[in-house]
Amino acid sequence: MAEGREHHASSPGCGSGFDPPSYAAEFSRWLDQALADPVFSPLASLLAPDVKERIARFVVEVVQANQRLNLTAITGAREAAVKHVCDSLTCLLAGQWPRGGAVCDLGSGGGFPGMVVALARPDLRVRLVDAAGKKVAFLASVVEKLGVGASVRHGRAEELGKEPGWREEHDVVVARAVAPLAVLLEYALPLCRVGGWFIAMKGPDYQDELAASRKALEILGGRVDHVREIRLPLDAGRRALIAVEKERPTPASYPRRPGIPSRRPLV
Ligand code: SAH
């Protein structure tokens, strides 16, 4: 996401003094403050102290790896708590996430929202997918280190959307900051089962993208059920969750070959 870099005493990049315990403590204070926002009350039962502690450990791993991997522009403790973790949790507020369901985070990058979802909802079978090998390697190492019940796959949506075991196999597909909606629909809807959901995590100016997605929805078998507008806590800005229900099977000719959906969007 196009966000500015924050500088805190405990952030990396401000000299050599990144201290994981003090970063984790500062992060946890911001997270508790942010989660007090009423928007998160439906999720309160998921966020037990041990879950929040695991989320803090995950964020420390992201911030440390970021010094090598350039996973994110957001590393300050306050911004990471709100713009990464709270933002990631919001996807659980749209669509339907059945107990034990199969979930795919497409273009997971450093693990947002998928790792946070996997930590908050251990009942779900979460798959983290990314086309970038170094990000996948990071995700695999952090999944193992934290013992998270998620699996990691290096691959492109255009290929997985044709693959048995992936095509039309997910109750929920979610994506944040991956592509314009019309392109994203061609990546995500082939992976959703009929009756399943695609949750696109967007900024507040989603209306033009939504209007440009009618044709893609029609071709690929989706219907926008609702758009949930969210105000992030601590005045961190507005977001929108576009909740698409898959109503009909996707025709076998979609997704098209790698690179085609973004070069020739279904608009
Ligand atoms: N969701 C994360 C990362 C966003 S960056 C976050 O919000 O922080 C976008 C990511 O999508 C990149 O890591 C990129 O490698 C991945 N990506 C883009 N197109 C893709 C495709 N067709 N298939 C799989 N991954 C893709």
Side-chain angles (χ1 to χ4, degrees), residues 1-6 55 58-59 61-63 65-66 68-76 79-92 103-119 126-140 142-143 150-163 166-167 170 172-192 198-203 206 216 220 230 232 236-237 239-242 250 254-266:
M1 305 179 95
E3 306 280 4
R5 194 176 286 269
E6 261 204 354
I55 290 173
F58 165 59
V59 170
E61 294 291 332
V62 172
V63 171
N66 201 49
R68 298 177 283 119
L69 291 181
N70 199 21
L71 296 168
T72 173
I74 297 173
T75 57
E79 281 213 300
V82 181
K83 294 188 178 178
H84 277 330
V85 173
C86 291
D87 189 43
S88 291
L89 288 169
T90 64
C91 68
L92 295 168
V103 173
C104 177
D105 177 18
L106 194 61
S108 191
F112 303 106
M115 277 291 290
V116 179
V117 166
L119 288 163
V126 177
R127 289 165 146 180
L128 311 170
V129 170
D130 206 281
K134 62 172 192 166
K135 295 183 181 178
V136 167
F138 163 73
L139 290 171
V142 82
V143 158
S151 65
V152 182
R153 174 70 187 264
H154 182 205
R156 290 191 65 94
E158 299 94 313
E159 289 164 342
L160 294 172
K162 302 265 191 206
E163 193 174 306
W166 286 80
R167 183 177 176 89
H170 300 88
V172 185
V173 178
V174 62
R176 185 182 85 161
V178 174
L181 188 59
V183 177
L184 209 43
L185 288 165
E186 188 169 349
Y187 293 163
L189 282 176
L191 296 166
C192 294
F198 170 49
I199 311 297
M201 304 180 69
K202 292 288 177 182
Y206 61 88
L220 300 163
I230 303 262
L232 289 179
R239 298 288 185 269
L241 302 164
I242 301 178
T250 300
Y254 298 95
R256 292 167 294 168
R257 282 180 291 113
I260 305 291
S262 65
R263 270 207 300 285
R264 291 197 278 119
L266 299 171

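For ligands, and for the atoms within them, numbers begin at 1 and follow the listed sequence.
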Contact partition for Met201 relative to ligand 1, non-hydrogen atoms under 4.0 Å: neither
Close-contact set for ligand 1 against Gly109 heavy atoms, below 4.0 Å: 3 (C), 13 (O)
Sub-4.0 Å atoms of ligand 1 with respect to non-hydrogen atoms of Tyr187: 22 (N)
Backbone N/O of Leu71 and side chain of Asn66: donor-acceptor pair under 3.5 Å: yes
Heavy-atom pair of closest approach, residues Val142 and Met115: CG1-CE, 3.8 Å
4.5 Å side-chain heavy-atom contact, Val117 and Val174: no
Ring geometry between His84 and Phe112 (parallel below 30°, tilted from 30 to 60°, perpendicular above 60°): parallel
For Lys135, the ligand 1 atoms whose distance to one of its heavy atoms is below 4.0 Å: 12 (C), 13 (O)
Taking every non-hydrogen atom, the tightest pair across Gly107 and Val178: O-CG2, 3.7 Å
Heavy atoms of other groups near Arg257 CZ, more than 12 under 6.0 Å: no
Distance-only N or O hit between ligand 1 and Ala157, under 3.5 Å: yes
Atoms of ligand 1 close to Arg156 [distance to a heavy atom under 4.0 angstrom, numbered from 1]: 22 (N), 23 (N), 24 (C)
For atom 19 (N) of ligand 1, the option (of Leu160, Val178, Leu139) bearing the nearest heavy atom: Val178
Heteroatom proximity flag, Pro113 to ligand 1, N/O under 3.5 Å: no
Asp130 near ligand 1 by a heavy-atom separation under 4.0 Å: yes
Check: Pro255 main-chain N/O paired with Lys162 side-chain donor or acceptor under 3.5 Å: yes
Arg239 side chain to Lys202 backbone, donor-acceptor under 3.5 Å: no
Proximal ligand 1 atoms for Glu158, defined as those under 4.0 Å from one of its heavy atoms: 22 (N)
Polar proximity ligand 1 side, Leu106 side, N/O cut 3.5 Å exclusive: no
Side chain, backbone, both or neither: the part of Ser108 lying under 4.0 Å from ligand 1 by heavy atom: backbone
Nitrogen or oxygen atoms of Gly110 and ligand 1 under 3.5 Å apart: no
CE-OG distance between Met201 and Ser88, expressed to the nearest 0.5 angstrom: 5.5 Å
Non-hydrogen atom of Gly155 closer than 4.0 Å to ligand 1: yes
